[in-house]
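This is the structure I have questions about; it appears just below.
In what follows, every chain begins at residue 1, and chains take the letters A, B, ... in the order their sequences are listed. What you see is a predicted model, and the numbers here were worked out from it, not measured in a lab.
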There are 2 protein chains.
Amino acid sequence: MDAKMTFSAQLRMVVDNGSLENCPVRQVMQGIFGKWSTLLLLALAEKPYRFGELRRLVPDISQRMLTQTLRDLERDGYVYREVYPTKPPSVEYGLTELGYSMLKPLTGLVEWASGNFEAVKEARDKFDRAG
Amino acid sequence: MDAKMTFSAQLRMVVDNGSLENCPVRQVMQGIFGKWSTLLLLALAEKPYRFGELRRLVPDISQRMLTQTLRDLERDGYVYREVYPTKPPSVEYGLTELGYSMLKPLTGLVEWASGNFEAVKEARDKFDRAG
DNA sequence: CAGAATCCTCTACGATACTG
DNA sequence: CAGTATCGTAGAGGATTCTG
C-alpha cells in the first residue's frame with residue numbers, strides 16, 4: 001500500500017467498500033481498539049508470557065476478558081498460542097511477525113498519547129468549564 | 001516524552017497510574033478509538049467541512065452520533081467548531097493543531113490496516129476453519 | 001441547516017462459580 | 001494452571017421526532 005496516499009484516498013478506503021460493516025480497514029481497526037487489546041500487545045511486545053503472568057501484569061483485567069482478548073488477537077494473527085503438555089498445563093502467548101509489524105504504528109499512537117495527555121486534559125477541562 | 005522508551009516502560013505508563021480508570025494514556029486512546037472518531041478525523045484532515053457535508057461524506061453515520069462524536073473530538077481539543085450567523089445557520093468543523101499532531105500517528109495505523117487487512121482476513125479464516 | 005430530546009437495542013465487559 | 005459456563009449490567013450506538 002502506498003504510504004503517500006492522500007487523506008481523501010485514505011478516507012475512501014475506510015468509507016467505501018460497500019457498507020461500513022464490510023469495510024476491511026474498519027474491521028482491522030476494531031480488532032485493535034478494544035479495551036484490553038493494546039495493553040496486552042504492549043505486554044507481549046517485551047517477551048512471551050504465560051496466562052497467569054499476564055493476569056499479574058494487568059491486574060484489573062477479568063479472567064474472562066483476558067481469555068477472550070487473547071483469543072481475538074490470536075484469531076487476527078497478532079498472537080500465537082503455544083500449549084506445553086505439563087501437569088498442570090502451561091500456555092505461552094507471544095507476538096507473531098504480523099503482531100510485531102502492527103505494533104510499530106500502534107506504538108506511535110501510544111507514544112503520542114503519553115506525550116500529549118496533558119494537552120488533552122487541559123482541552124477537556126476548558127471545554128467543561130465553558131459549559 | 002522520550003520516543004525511545006522501552007515497551008515495558010510504555011506498558012507501565014498504561015497499566016500504572018493507580019486504577020486503570022484514571023490512566024491518562026488510556027483516556028486519550030479511548031477518545032480516538034470510537035466507532036466514528038477515526039473516520040471523522042480523516043475527513044477533516046483534508047479540509048474543514050460543515051455538518052451536512054460530513055453527513056454526506058460518511059453516509060451511514062446517524063445524526064445523533066455525528067453530533068456527539070464531533071462534540072467529543074472538540075472537547076478533547078482535536079477539532080474546532082466555528083458558527084457562522086447566517087440564516088439558516090452554518091457550522092464549520094476543522095482540525096486544530098493538536099488534531100493534526102495526533103492524526104500523524106493515527107494515520108500510520110490506518111495505513112498499516114490498509115496494507116495488511118488481507119493478512120488479517122486470512123488469519124481469521126484459518127482460525128475459524130480450524131474450529 | 002444544524003442540532004436537541006426521547007426511546008430502544010445490542011454487545012462489550014464484569015462477577016461468580018465450576019473443571020480437566 | 002488455564003481455562004469454560006452462566007448470568008447480569010452499563011454504555012455505545014441507532015431510529016425517530018421535534019425545533020430555533
(message) Under a 4.0 Å threshold between the charged nitrogen and the carboxylate oxygen, would A:Asp125 count as salt-bridged to A:Arg129?
(response) no
(request) Just call it for B:Tyr93: base, sugar-phosphate, or nothing, with non-hydrogen atoms closer than 4.0 Å on any strand. (result) sugar-phosphate
(message) Tell me if a side-chain donor or acceptor on B:Ser114 pairs with a main-chain N or O of B:Val110 at a distance below 3.5 Å.
(response) yes
(message) Distance check needed: C:dC1 P versus B:Glu53 CD, whole Å only.
(response) 11 Å
(message) Please confirm whether the shortest side-chain N or O distance from B:Tyr49 to OP1 or OP2 of C:dA2 is below 4.0 Å.
(response) no
(request) Take A:Gly34 and B:Glu92, find for each the nucleotide of DNA chain C with the closest heavy atom, and name the residue whose nucleotide sits nearer the 5' end. (result) B:Glu92
(request) Take the protein atom CZ of B:Arg56 and the nucleotide atom C1' of C:dA2, then report the distance between them rounded to whole Å. (result) 12 Å
(request) Calculate the interatomic distance between A:Lys35 atom NZ and C:dT11 atom P; express it in whole Å. (result) 19 Å
(message) Please give me every residue in residues 75-89 of chain B whose heavy atoms get under 4.0 Å of an atom in DNA chain C, ordered by residue number.
(response) B:Arg81, B:Pro88, B:Pro89
(message) Counting the atoms with a prime plus P, OP1 and OP2 as sugar-phosphate, which does B:Arg50 contact under 4.0 Å by heavy atoms, base, sugar-phosphate, or nothing?
(response) sugar-phosphate
(message) Under a 3.5 Å distance rule, please check whether B:Thr67 uses its side chain to pair with a backbone N or O of B:Gln63 as donor and acceptor.
(response) yes
(message) Just the rounded figure in Å: distance from C1' of D:dG13 to CG of B:Leu40.
(response) 14 Å
(request) Please list, by residue number, the residues of residues 62-74 of chain B whose heavy atoms come closer than 4.0 Å to an atom of DNA chain C; answer none if no residue qualifies. (result) B:Gln63, B:Arg64, B:Thr67, B:Arg71
(message) Taking the side chain as everything from C-beta on, heavy atoms only, tell me whether B:Leu98 gets closer than 4.5 Å to B:Asp76.
(response) no
